[in-house]
Amino acid sequence: MSKITQYLNEHILGEVTGNESVRKRFARDGGILSITPEIVVHPRVTNDIRKIARFTWQLAEKGHVLPLTVRGSGSNHTSSAIGKGIIVNTIAHLNDVIYINQKGKDQFVHLQPGVIFGTLNETLMSHGLIISAYPASKLYGTVAGAVASNTAGVVAGKYPKIGDQVQRLEVVLANGDLIETGRINKRELDKKKGLQTFEGEIYRKIDGIIEDNEQLINEQITKYGTESTGYSGIAKVKDRDGSFDLTPLFVGSQGTLGIISELVLSTDFYNEEESVIVATFSDATSARKAASDLLPIQPTTLNVFDGQLYDIAHTHGKKYLFSGTATNDQVGAVLVVSYRDYSDRTRRRKTKKTIKKLSKVQTTIYSSNDHPIEELDAIREVYSVILQPDTKDESVPSLIDGSSIPVDRIEEFSSSLSELAKKHHLELPTIINFLTGAVYARAPMHLKQLSDKQKVFKLIADYAKLVKEFEGTLCYTESEGRLKATALYENLDETVVDLYSPNSFSF
Ligand SMILES: Cc1cc2nc3c(=O)[nH]c(=O)nc-3n(C[C@H](O)[C@H](O)[C@H](O)COP(=O)(O)OP(=O)(O)OC[C@H]3O[C@@H](n4cnc5c(N)ncnc54)[C@H](O)[C@@H]3O)c2cc1C
C-alpha cells in the first residue's frame with residue numbers, strides 16, 4: 001500500500017485503495033476512452049471529501065500534482081468521469097435523500113450527490129412528485145452526475161434540462177473549503193466579495209469576469225442558450241437587479257470547479273397515468289412528417305426511431321409487437337408518442353385525436369388502449385438492447401449522441417446526416433426527439449479494429465461542423481467531456497473559448 005493511501009485511510013472515515021483491479025474498474029466510464037487512476041476513494045461524509053481536497057491542494061503547493069476526479073455511476077458518454085490521480089466515488093456511501101418538502105408552493109428535495117435518479121424518483125412518486133428532467137440512464141446514473149453534466153430529460157416538460165430544477169448546491173472547493181450556492185441580493189454579494197477567504201476570492205473573480213465580458217456573454221452565451229459546454233452557466237449568474245447565484249456555474253461544469261456534496265432540487269407533480277401510441281412506417285421521412293403534424297396536440301414525449309435500430313435488436317433475438325408480422329420487413333421507422341396530462345379527459349381526447357391523425361397516413365398503430373404499456377415501453381427503450389456489444393465485438397458507441405437541431409430543419413438535417421454516414425462508410429440510425437430537437441445518432445462499429453478507431457475523431461469533427469451549419473447545439477444532452485471538447489471548441493468563437501479557458505476559470 002502506498003504511503004498516500006495509508007495516510008488518507010488513517011484520516012478519513014471512508015475507504016481508500018490503490019488495488020489494481022479496483023483502479024482498472026474505475027479506468028472507464030460510458031465513453032470510449034480509458035485512464036487508470038492511482039487511487040480510488042469512497043468518502044463516507046462530506047468532511048472526507050474536504051480532507052482529500054485539502055490534502056491534494058497542499059501537495060500541489062509543494063509541486064506534486066495529484067488531480068481529483070469526482071464520479072457518480074460513470075455512465076456519461078464523454079469520458080469526463082475518469083482521471084489519472086484520485087477518483088472520488090460518491091455512489092458508495094453518499095446516497096441519502098435528506099428531506100422532501102411537500103408543503104406550500106416551493107416543493108423541493110434535499111439530497112446527497114450519489115443518490116441514483118431512479119431510486120429518487122421512486123421515492124418521490126410515492127409522494128405524488130417527480131424530478132421530470134430524468135435522463136434515460138435513470139436506473140444507474142446519480143443525481144449529481146446528471147447535474148454536473150446538465151443532462152436533458154427524456155420528457156421535455158416544464159424542466160427539459162436538469163439544471164432548470166437545481167435551486168441550491170453545497171460544494172467542496174479545490175482547497176477543501178465548503179460553500180453553499182443560491183441566489184443572493186446585491187448587498188449580500190458585496191458582503192461575500194469582502195470575505196478574505198477562497199469563497200470571497202471566487203465571488204470577486206466571477207463578478208469581475210461578468211463585468212469585463214458583458215457584451216460577449218450577452219451576445220454569444222445567452223441565458224436562453226441550450227449548449228451545455230464550457231462554463232455557459234455564467235450567463236445565468238447575475239441578474240439585472242444585481243442579484244447573484246453561482247449555482248448555474250457548477251451545473252454542467254463536469255466537476256471541474258468543485259465537488260457537489262449536497263443538492264436541493266425543485267420537484268414537479270407526477271401523474272402515473274400515461275397513454276402511449278406507437279406507429280410503424282415504411283420510411284423515416286413519413287414518420288418524421290407525422291411527428292411534425294402531431295406537435296400542435298402537445299404530447300409529453302414525441303420521438304421517431306429509425307427502423308435500423310430494431311433490425312439490430314432483432315439480430316440480438318429481441319421481438320417487438322410489430323416483429324414477425326407480414327409487414328415487418330417494411331418497418332423503416334417507428335414513431336412513439338405519449339400523453340401524461342393530469343385530466344383523464346384531456347389525455348383521452350389527445351389520444352383519440354392522435355390516432356385519428358395517424359389513421360389518415362400509411363401506418364400500423366399500437367396503443368395503450370389495446371396493448372399492455374410494458375410492451376410499448378420495450379419499443380421505446382430499444383437502445384438498452386442495442387447498447388450491449390454482440391459476440392463479434394460490434395458495439396454502438398456514443399460518439400455524436402445528444403446534439404439538438406431546430407425542429408423545423410430536422411428533415412433537411414436528416415438528409416445531410418445520411419450523406420455524412422455514406423462519407424464515413426457507416427450506418428447512422430437516429431432517434432429524434434421532436435419536442436426538443438435532440439438527435440441521438442449511433443453507428444455500429446468495431447472499435448477493436450484500427451480502421452474504425454481511426455474514424456472516431458474524424459466523425460465527431462465532421463458532425464460538429466454539420467450541427468453548426470444547421471445552427472444546432474452539439475452538446476445538448478450532456479457536456480462535452482474529453483471526447484467532444486476538441487471538435488466543439490473548433491466551432492466556438494475564439495473569444496468564448498478564451499473565456500472558458502483555465503486562465504479565467506481556475507478555482
Ligand atoms: C443508456 C444511457 C442513457 C443515457 N441517457 C441520457 C439522457 O437521456 N440524457 C442525458 O443528458 N444523458 C444521458 N446519458 C448520459 C449519462 O447517463 C448522464 O451524463 C448521467 O446522468 C451521468 O450520471 P453519472 O452518475 O453516471 O455521472 P458520471 O458519469 O459518474 O459523471 C458525469 C460527470 O459529472 C461529474 N460529477 C459526478 N458527480 C459529481 C459531483 N458530486 N460533483 C461534481 N461533479 C460530479 C463527473 O466528474 C463527470 O464529469 C445516458 C447514458 C447512458 C449510458
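No hydrogens, no waters, no symmetry mates; every other heavy atom, side chains included, goes into these values. We count ligands from 1, going down the list as the structure has it; atoms in each ligand are counted the same way.
- Under the ring-ring contact (aromatic ring centres under 6.0 Å, His included) criterion, Phe305 pairs with no residue at all, not counting sequence neighbours.
- Counting only N and O atoms by type, the side chains of Thr142 and Ser73 include no donor and acceptor under 3.5 Å apart.
- The residues lining ligand 1, counting any heavy atom closer than 4.0 Å, are Val70, Arg71, Gly72, Ser73, Gly74, Ser75, Asn76, His77, Ser80, Ala81, Pro113, Pro135, Ala136, Ser137, Tyr140, Gly141, Thr142, Ala144, Gly145, Ala146, Ala148, Ser149, Thr151, Ala152, Gln254, Gly255, Gly258, Ile259, Ile260, Leu387, Thr477, Glu478.
- For Thr267, the side chain to side chain contact (heavy atoms under 4.5 Å, CB included) partners two or more places apart in sequence, or in a different chain, are Gln107, Val109, Leu124, Leu129, Ile131.
- The ring-ring contact (aromatic ring centres under 6.0 Å, His included) test applied to Tyr463 returns no partner, not counting sequence neighbours.
- In this structure, Lys161 is positioned above the aromatic face of Tyr476, its NZ or CZ under 6.0 Å from the six-membered ring centre and within 45° of the axis.
- A salt bridge between Asp207 and Arg204 is absent, with no side-chain N of the basic residue lying under 4.0 Å from a carboxylate O of the acidic one.
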